Amino acid sequence: MEQVVVRQLIRDSGSYTGKDIELSGWIRNNRDQKSFGFMALNDGSHFSTIQIVYEKAALSNYDQVAHYHVGAAVIVRGTLVETPQAKQPFELKAREITMAGDCPEDYPIQPKRHTREFLREQAHLRPRTNLFAAVFRVRSLLAYAIHQFFQDRGFVYVHTPIITASDAEGAGEMFRVSTLDAKEPAMSESGEVDFSQDFFGRRTNLTVSGQLEAEVFALALRDVYTFGPTFRAENSNTARHAAEFWMIEPEIAFADINDDMRLAEAMVKYVIKYVLQKAPEEMKFFNEFVDKGLQERLEKIVNQEFARVSYSRAVELLKESKEPFDYPVEWGSDLQTEHERYLTEKVFQSPVFVIDYPKDIKAFYMRQNDDGKTVAAMDLLVPGVGELIGGSQREERLDKLEQRIAEMGMDKSELWWYLELRKYGGVPHAGFGLGFERLVMYLTGINNIRDVIPFPRTVKSCEF
RNA sequence: UCCUCGAUAGCUCAACGGUAGAGCAUCCGGCUGUUAACCGGAGGGUUGUUGGUUCGAAUCCUACUCGGGGAGCCA
């Protein structure tokens with residue numbers, strides 16, 4: 001007898017109709033009547049469940065099967081029959097149902113509505129729900145789509161280090177990596193912790209960005225990208241921040257900020273198209289139960305030019321809007337979340353690139369524009385999520401870069417290797433960072449980052 | 001870190017100073033095609049922790065813990 005999974009049946013039910021097959025999976029719902037019963041079985045291979053029909057006359061253990069609990073694992077043998085008049089296209093008429101793994105009645109995941117907050121506390125069980133199964137399948141597809149997008153274009157995937165000695169990027173608070181004794185660390189004569197006795201002989205941290213290392217490879221292999229975990233020890237308590245998250249950072253050489261934006265736009269459109277095509281059931285589910293306008297919005301975006309606006313113009317637009325913002329709009333200060341949302345959701349009603357930010361609110365490595373006030377930075381704002389991508393053209397002129405490092409009071413000796421990239425054959429190059437979870441949020445409509453990462457790590461929370 | 005809201009049955013919630021309830025889930029029974037089925041019955045609670053006010057506290061007040069939403073920081 002052939003062992004099959006539901007995915008095969010959905011894709012090619014015709015070749016199994018009338019055949020004797022074996023399925024295995026977990027009971028989502030089980031209800032019996034006097035002489036027959038129905039079981040909704042999910043085998044993990046597909047979003048959909050398959051209905052198992054079992055009859056008292058056909059099953060020696062009918063009375064036991066009728067009392068199998070939700071969540072129990074079973075193996076079912078029977079015949080696949082088409083049911084064109086019913087809700088589902090086909091079902092399995094069972095000849096034999098055996099228990100593979102019992103599930104007692106206190107199983108937390110019951111066929112009813114649970115809140116996402118409750119399921120977060122059941123992170124080990126929540127992938128068994130429709131919602132989270134859909135989220136994590138889409139997450140997997142998205143990761144694959146990202147790789148395919150870049151690989152098809154000849155980008156080289158670079159594994160930048162997880163442990164880094166550089167804390168010069170300034171992207172946020174860092175987690176220290178140390179093997180020193182926490183109670184009695186090695187001390188120097190001046191009474192400070194002596195990191196020269198630490199594992200690496202110096203202070204080390206978990207990476208907050210692979211960008212600087214990605215630049216190294218862009219200036220050798222031209223078009224590269226990173227895709228890996230990133231760590232920020234920020235005390236952020238929002239639905240959009242996690243201490244451990246995944247980031248994608250492409251870096252392209254002989255390229256300017258416009259090339260950078262073209263790349264970002266093409267990538268976003270590519271992965272949306274990919275997921276809409278590969279996960280229709282999941283996307284339909286999100287559209288129905290998570291975010292009613294999701295599917296239409298995504299389909300529209302694929303065929304729409306992303307808007308572009310300069311920071312200075314954006315500030316004007318916000319000032320002209322007469323919208324009662326909680327924070328004032330002022331040239332020179334960063335856009336607040338409310339400002340970003342207004343721009344993308346009200347003014348442009350589409351993803352929008354905001355470019356040429358004041359240099360004083362941006363990182364040292366961004367390329368200075370000729371006006372002496374702004375840098376060639378770009379943020380991609382999208383409705384619902386806010387900032388999805390942050391990127392820039394990098395400062396390739398050694399003197400300008402050194403000057404900026406000095407102005408910002410940074411230690412240039414720690415960046416010696418980064419500066420040598422400019423000294424030896426430096427060329428214009430650009431790149432951006434994409435928060436992978438934010439992309440998953442954007443595509444699923446889920447509005448909390450803790451629900452799109454399998455085991456979220458946030459401030460004061462590291463269960464599982 | 002700041003602001004704000006919340007914590008009651010396994011889950012989702014009600015009761016808002018006077019005997020803690022409902023729906024779903026569970027258990028028992030009924031039902032010949034159900035679709036998170038339906039109908040009848042049963043069990044299930046030191047109301048997050050702590051201290052106080054009161055004749056009496058789930059309810060009012062202290063503190064704490066945990067969680068939601070918003071903000072800052074950012075991806």
Side-chain angles (χ1 to χ4, degrees), chain A residues 28-40 48-57 66-67 69-71 81 83 85-88 91 93 103-122 125 129-130 169-173 208-211 229-249 264 289 325-327 333-341 361-363 379-382 385-391 432-442 447-453 458-461 463:
Chain A
R28 284 285 178 85
N29 195 315
N30 186 20
R31 49 188 185 275
D32 70 295
Q33 300 188 35
K34 193 173 189 177
S35 56
F36 58 91
F38 301 100
M39 194 180 268
S48 308
T49 56
I50 182 169
Q51 174 158 280
I52 312 293
V53 188
Y54 54 95
E55 294 177 359
K56 199 163 197 167
H67 286 95
H69 287 132
V70 169
V81 294
T83 52
Q85 76 292 348
K87 202 173 163 183
Q88 66 285 349
E91 62 190 22
K93 279 246 187 286
C103 183
E105 63 196 59
D106 60 357
Y107 182 51
I109 311 294
Q110 291 296 331
K112 69 181 294 294
R113 188 180 165 275
H114 296 285
T115 59
R116 286 181 220 154
E117 293 79 41
F118 170 71
L119 291 169
R120 245 170 247 159
E121 292 168 3
Q122 311 288 335
L125 301 173
T129 64
N130 282 334
E169 213 247 322
E173 294 294 312
V208 292
S209 166
Q211 181 199 315
T230 308
F231 307 89
R232 305 257 169 108
E234 224 95 76
N235 188 9
S236 292
N237 294 286
T238 81
R240 303 187 308 282
H241 291 87
E244 176 184 293
F245 63 101
W246 286 61
M247 193 151 65
I248 297 134
E249 294 175 293
F289 295 105
F325 295 119
D326 292 333
Y327 291 84
S333 53
D334 216 346
L335 298 176
Q336 303 292 314
T337 299
E338 59 176 351
H339 303 147
E340 294 183 343
R341 294 193 62 148
I361 58 172
K362 287 293 182 183
D379 281 1
L380 178 65
L381 311 178
V382 298
V385 172
E387 186 182 336
L388 183 66
I389 285 173
F432 62 81
L434 165 75
F436 184 56
E437 282 73 21
R438 291 194 180 170
L439 185 65
V440 181
M441 291 167 73
Y442 187 49
N447 51 20
N448 195 313
I449 196 168
R450 300 174 185 94
D451 297 330
V452 298
I453 191 163
T458 54
V459 185
K460 300 273 185 242
S461 170
E463 188 70 53

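Each chain gets a letter, A, B and so on, in the order its sequence line appears, and its residues count up from 1. This is a predicted model, so every value here is computed, not measured.
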key: Polar side chain donor-acceptor pair, A/Asn30 to A/Tyr54, under 3.5 angstrom   = yes
Identify which nucleotide among [options] has an atom closest to any side-chain atom of [X], counting heavy atoms from C-beta outward.
| X | options | result |
| --- | --- | --- |
| A/His114 | B/rU35, B/rU32, B/rC11 | B/rC11 |
| A/Gln51 | B/rC74, B/rU35, B/rA71 | B/rU35 |
| A/Thr238 | B/rC73, B/rG33, B/rC31 | B/rC73 |
| A/Thr115 | B/rA37, B/rC13, B/rU26 | B/rC13 |
| A/Gln33 | B/rU34, B/rU12, B/rA71 | B/rU34 |
| A/Ser236 | B/rG72, B/rG33, B/rC74 | B/rG72 |

inquiry  = Could you check whether the side chain of A/Gln110 and the base of B/rU26 have a donor-acceptor pair of N or O atoms closer than 3.5 Å, going by distance alone?
reply    =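 Answer no: no donor N or O sits under 3.5 Å from an acceptor.
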Say you pick atom [atom1] in [N] and the same atom in [M]; how far apart are they, in whole Å?
| N | M | atom1 | answer |
| --- | --- | --- | --- |
| B/rG17 | B/rC27 | C1' | 37 Å |
| B/rA25 | B/rG43 | C1' | 13 Å |
| B/rU46 | B/rA58 | P | 13 Å |

Looking at every strand, decide which applies to [X] at a 4.0 Å heavy-atom threshold: base, sugar-phosphate, or nothing.
| X | answer |
| --- | --- |
| A/Lys56 | nothing |
| A/Tyr327 | sugar-phosphate |
| A/Leu388 | sugar-phosphate |

message = Would A/Asn447 and A/Arg116 count as a side-chain contact (heavy atoms from CB on, under 4.5 Å) here? Give the steps.
response = CA-CA 11 Å; A/Asn447 51 20; A/Arg116 286 181 220 154; 3.8 Å; yes
Measure across [X] and [Y] and return the closest heavy-atom pair with its distance rounded to 0.1 Å.
| X | Y | result |
| --- | --- | --- |
| A/Gln122 | A/Pro108 | OE1-CG, 3.8 Å |
| A/Arg120 | A/Asn448 | NH2-ND2, 3.4 Å |
| A/Val459 | A/Ser236 | CG2-O, 3.5 Å |
| A/Glu234 | A/Glu173 | OE2-N, 3.1 Å |

Just name whichever nucleotide pairs with [N], Watson-Crick or G-U, keeping both distances under 3.5 Å, else none.
| N | result |
| --- | --- |
| B/rC31 | none |
| B/rA9 | none |
| B/rA71 | B/rU1 |
| B/rU59 | none |

Whole-Å distance between [N] [atom2] and [X] [atom1]?
| X | N | atom1 | atom2 | result |
| --- | --- | --- | --- | --- |
| A/Asp106 | B/rC11 | CG | P | 11 Å |
| A/Glu117 | B/rG69 | CD | C1' | 10 Å |
| A/His67 | B/rC28 | NE2 | C1' | 8 Å |
| A/Phe38 | B/rU34 | CZ | P | 7 Å |
| A/Lys362 | B/rC73 | NZ | C1' | 12 Å |
| A/Met39 | B/rA37 | CE | P | 13 Å |
| A/Arg116 | B/rG67 | CZ | C1' | 15 Å |
| A/Tyr54 | B/rU35 | OH | C1' | 14 Å |

Should [X] be listed as having a side-chain N or O under 4.0 Å from OP1 or OP2 of [N]?
| X | N | answer |
| --- | --- | --- |
| A/Arg31 | B/rA37 | yes |
| A/Lys112 | B/rA25 | no |
| A/Asn448 | B/rG69 | yes |
| A/Asn29 | B/rA37 | yes |
| A/Arg120 | B/rG68 | yes |
| A/Gln336 | B/rG72 | yes |

task = Tell me which of A/Lys460 and A/Glu437 sits closer to the 5' end of RNA chain B, going by the nucleotide each one is nearest to.
result = A/Lys460
query = Mapping A/Arg113 and A/Ile361 to their closest nucleotides on RNA chain B, which lands nearer the 5' end?
reply =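 Taking each residue's closest nucleotide, the earlier one in sequence belongs to A/Arg113.
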inquiry  = Tell me if a side-chain donor or acceptor on A/Thr458 pairs with a main-chain N or O of A/Asn237 at a distance below 3.5 Å.
reply    = no
